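Written below as structure tokens is the structure these notes are about.
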Amino acid sequence: MLKNKEQELQHLPEHVVLNILCRLPVKSLIRFTCVSKRWRSLIISDHQFGNSHFQLAAAASHLRHNVLISAGTTPPEMLRSRFLSLSEEANFLIRNLNWPWPSESYRDILVMGSCNGLVVLGHCNSLRNGLNSLPLGQRYCRYFERLVIWNPSTGFFREIPCPNFQMGMVKLREAEQEREMSGVCYGFGQVSASDDDYKLVVIQSLGGFMVVHVFSVRANCWKIVKASCENIHKVVTRSFTRI
Amino acid sequence: MKKISVRTSDGQEFELEENLAMESATIKTSLDAFSRDDIILLPNVNSWEMVKIIEFFTKVQELETKFGVKFMEKKEGRFLEAFQAEFDKDLSDDNLYCLLWTVDYLGIEVLLENLCHLMAERTKNKTVESCRNLFGVQHDYTPEEEAEIREDYSWAFEGPEIEE
């Protein structure tokens, strides 16, 4: 193997390049998507790469903790984005994040769960005239129109197919107060660390039944599991703990 | 301990202890195919690289004795740090690149892992151009395409830690 500058160096095989890349921090990786189209494709789309990177970073305790700030449904004017990041890697400066639906009303966006740096966002249908126009005690329905899996660190996201999950709501008091009646509960995570797949679980209560919808990210499809449950409140918590 | 003889591309001969030689999957395959008394030819390996590889294994033995840890079986933090510090000296980026290629060719897993770690440390704060040069990657973006990425992710291109 020659190392004179005049002579042509043999290129490193791709698996070695990947071995090096998956040890790099996210900031460097994003920058290096500019190196070439092949590197960009490896860094962004290669599933194996994403996994190796996360596992190595976690094992080496280099995984920096970032805080995702959800600025609430009516953020103050000074905040230009619904979501912001507080990150050790960026010297704790607060950074506005690029997120999937910047033009949508913030009220309609729900954070449905997160795991390993991925966040699931749901976009609900808009209330046509807002809550103010509904009489107190009136029942109405909201449902999800779109779902997305989003990586706040890189800004990349992927829309996933969205079945019709209805949430029954009742307006209890003034404009800002609302409550779910027939519940929809959801969670996102990995079933086990060794399972190379993420699942989004949405549970609907319909009368005496629970309908459990499970989405597999790897298979990109939904499965339905029916179960009967007499008292949904005993079983369901708002979000599932990640493993 | 039986010694295995190898000859590098520039004609130099080295005698390796058998257990060291067997760490290389490539040499091991040759040994299985031929007699152990024959000299193994390594036309893709330069003598300075072989010196470095022998240095690595000598260091491993030294540090194993000092820390009482089996390096091959368990990756000990202090051990790795001590090793990295030693190995990092006198090795330019280009030489490290060459050594990576050779160690991959020889199939020495444990050394490859360490060198990848070293290379990652050296690469992480590089600019895009510097990275392209080091890895010999062809620039295939149009100026417009590259400018778009730089604008969308400007935060990744800024920072005091990024080398000129």
Side-chain angles (χ1 to χ4, degrees), chain A residues 1-44 52-53 56-57 59-62 84-85 87 89-91 93-98 151-156, chain B residues 8-10 42-46 48-49 75 77 80 92 94-105 112-113 115-132 134-141 145-150 152-153 155-162:
Chain A
M1 180 63 221
L2 303 160
K3 79 241 71 37
N4 290 325
K5 293 235 157 121
E6 295 78 27
Q7 283 157 315
E8 212 180 284
L9 292 174
Q10 289 230 36
H11 284 126
L12 279 180
E14 201 164 79
H15 68 267
V16 179
V17 174
L18 278 172
N19 195 335
I20 297 166
L21 288 182
C22 72
R23 296 160 196 272
L24 294 175
V26 170
K27 184 174 174 180
S28 309
L29 281 174
I30 301 294
R31 190 163 68 250
F32 295 156
T33 57
C34 240
V35 167
S36 76
K37 292 184 178 175
R38 179 62 188 153
W39 276 42
R40 183 175 167 81
S41 145
L42 285 172
I43 291 168
I44 295 177
S52 312
H53 182 264
L56 260 169
S61 310
H62 290 161
L84 306 107
S85 155
S87 155
E89 206 167 24
N91 296 322
L93 291 172
I94 293 184
R95 184 161 63 81
N96 289 307
L97 287 175
N98 293 325
N151 184 337
S153 292
T154 61
F156 305 133
Chain B
T8 54
S9 60
D10 45 353
L42 300 172
N44 289 331
V45 180
N46 201 282
W48 75 265
E49 290 162 339
K75 305 218 172 131
L80 283 175
S92 70
D94 284 337
N95 281 346
L96 178 56
Y97 188 89
C98 294
L99 191 57
L100 263 167
W101 192 96
T102 300
V103 169
D104 177 61
Y105 163 75
L112 186 65
E113 289 294 307
L115 290 180
C116 284
H117 178 82
L118 206 56
M119 187 56 117
E121 287 297 308
R122 298 236 186 144
T123 309
K124 71 183 182 189
N125 292 328
K126 286 199 185 298
T127 60
V128 173
E129 295 78 12
S130 175
C131 189
R132 265 190 214 126
L134 178 57
F135 286 87
V137 177
Q138 189 78 8
H139 181 190
D140 59 356
Y141 280 111
E145 284 168 337
E146 185 167 340
E148 198 182 329
I149 300 175
R150 281 177 183 266
D152 285 347
Y153 299 97
W155 58 271
F157 292 85
E158 296 155 5
E161 79 283 1
I162 298 175

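Below, chain A is the first sequence line, B the second, and so on; all start at residue 1. Note that this is a predicted model, so its numbers are computed, not measured.
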> Considering only heavy atoms from C-beta outward, does the side chain of Met119(B) approach that of Asn19(A) to under 4.5 Å?
Replying inline: no
> Taking Leu100(B), Leu115(B), Leu118(B) one by one, which has the highest count of heavy-atom pairs under 4.5 Å against chain A?
Replying inline: Leu100(B)
> Under the 3.5 angstrom rule, does the side chain of Arg132(B) hit a backbone N or O of Val35(A) as a donor-acceptor pair?
Replying inline: yes
> What distance separates Phe135(B) CZ from His11(A) NE2, expressed to the nearest 0.5 Å?
Replying inline: 11.0 Å
> Could you give the distance from CG (Leu29(A)) to NZ (Lys124(B)), rounded to the nearest 0.5 Å?
Replying inline: 12.0 Å
> Among all residues two or more places apart in sequence or in another chain, which pass the salt bridge (Lys or Arg N to Asp or Glu O under 4.0 Å) test with Glu158(B)?
Replying inline: none
> So what's closer than 4.5 Å to chain A heavy atoms on Glu129(B): side chain, backbone, both or neither?
Replying inline: neither
> Once you round to the nearest 0.5 Å, how far does OG1 of Thr123(B) lie from CZ of Arg23(A)?
Replying inline: 11.5 Å
>> Going by side chain to side chain contact (heavy atoms under 4.5 Å, CB included), name the residues that satisfy it together with Asp152(B), two or more places apart in sequence or in a different chain.
In response: Glu148(B)
> Can you tell if the side chain of Cys34(A) reaches within under 4.5 Å of the side chain of Tyr153(B), non-hydrogen atoms only?
Replying inline: no
> For Gln138(B), is it the side chain, the backbone, both or neither that has a heavy atom under 4.5 Å from a heavy atom of chain A?
Replying inline: backbone
>> Is Asp140(B) close to chain A through its backbone or its side chain, or both, or neither, when contacts mean heavy atoms under 4.5 Å?
In response: both
> For Lys126(B), does its backbone N or O pair with a side-chain atom of Arg31(A) as donor and acceptor, under 3.5 Å?
Replying inline: yes
